[in-house]
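Note sheet for the following structure.
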Amino acid sequence: MAANILGADRPYTPIPYFWTDQYDVKIQAHGLPSPAAELTVAEGDPEEHRFAALYREDGRVTGVLGWNMPKQARVLRQQVLAAQPLAPA
C-alpha cells in the first residue's frame, strides 16, 4: 500500500479473488458478497452467457462476478476497492 511507503502503518488487506475455467466458461469473482447482497448485471447479458455483475450491500459494492467477461470483471473490481473502508492510520 502506498501509504505505508510514506510512513503509515496500515494493514495489507487484499480483495479476495477467485477464477476458474470450466470447459468454455471463464468465471471470475472479486470481493466477499453475502447471500443477502443485491445482484445487478452491469455489462453483458446472462442469456448470452457473457456478463459482469455487481453485488451491493447497504449501497456499497461488495463483490463482482464475471461470466465470460474477464476484462470487464477486472475493471469493475475497482468499485469493490473504492468501497472498502480505510484502515485507521
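Computed from a prediction, not measured in an experiment: that's the story for all the values here.
- Looking at residues two or more places apart in sequence or on another chain, you find a side chain to side chain donor-acceptor pair (under 3.5 Å) between K26 and D21.
- Residue pairs meeting the side-chain hydrogen bond (donor to acceptor under 3.5 Å, both in side chains) criterion with at least one partner in residues 66-77, sequence neighbours excluded, do not occur; the list is empty.
- Taking CH2 of W19 as the start and CD1 of I27 as the end, the distance is 11.5 Å to the nearest 0.5 Å.
- With Q28 contributing its side chain and F18 its backbone, the two residues share no donor-acceptor pair below 3.5 Å.
- Closest heavy-atom contact between A52 and M69: N-SD, 3.8 Å.
- Transitive grouping of hydrophobic side chains (ILVMFWY, heavy atoms separated by less than 4.5 Å) brings I15 and L54 into a common cluster.
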### Message
V64 vs Y55, test: side chain to side chain contact (heavy atoms under 4.5 Å, CB included). Steps then yes/no.
### Response
CA-CA 6 Å; V64 172; Y55 289 90; over 6 Å; no

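- Listed by chain and residue number, T20 satisfy the side chain to side chain donor-acceptor pair (under 3.5 Å) test with Q22 (two or more places apart in sequence, or in another chain).
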Side-chain donor/acceptor pairs under 3.5 Å, residues 36-47, sequence neighbours excluded:
from, atom 1, to, atom 2, distance (Å)
T40, OG1, R56, NH1, 3.1
D45, OD1, E47, N, 3.0

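- P16 places none of its side-chain heavy atoms less than 4.5 Å from the side chain of H30.
- Summarising the geometry of G66 relative to A73, their closest heavy-atom pair is CA-CB, 3.8 Å, with the distance given to 0.1 Å.
- A distance of 11.5 Å separates CG in L81 from CG in L76, rounded to the nearest 0.5 Å.
- In the hydrophobic clustering, where aliphatic and aromatic side chains (Ile, Leu, Val, Met, Phe, Trp, Tyr) are joined below 4.5 Å either directly or transitively, Y23 stands alone.
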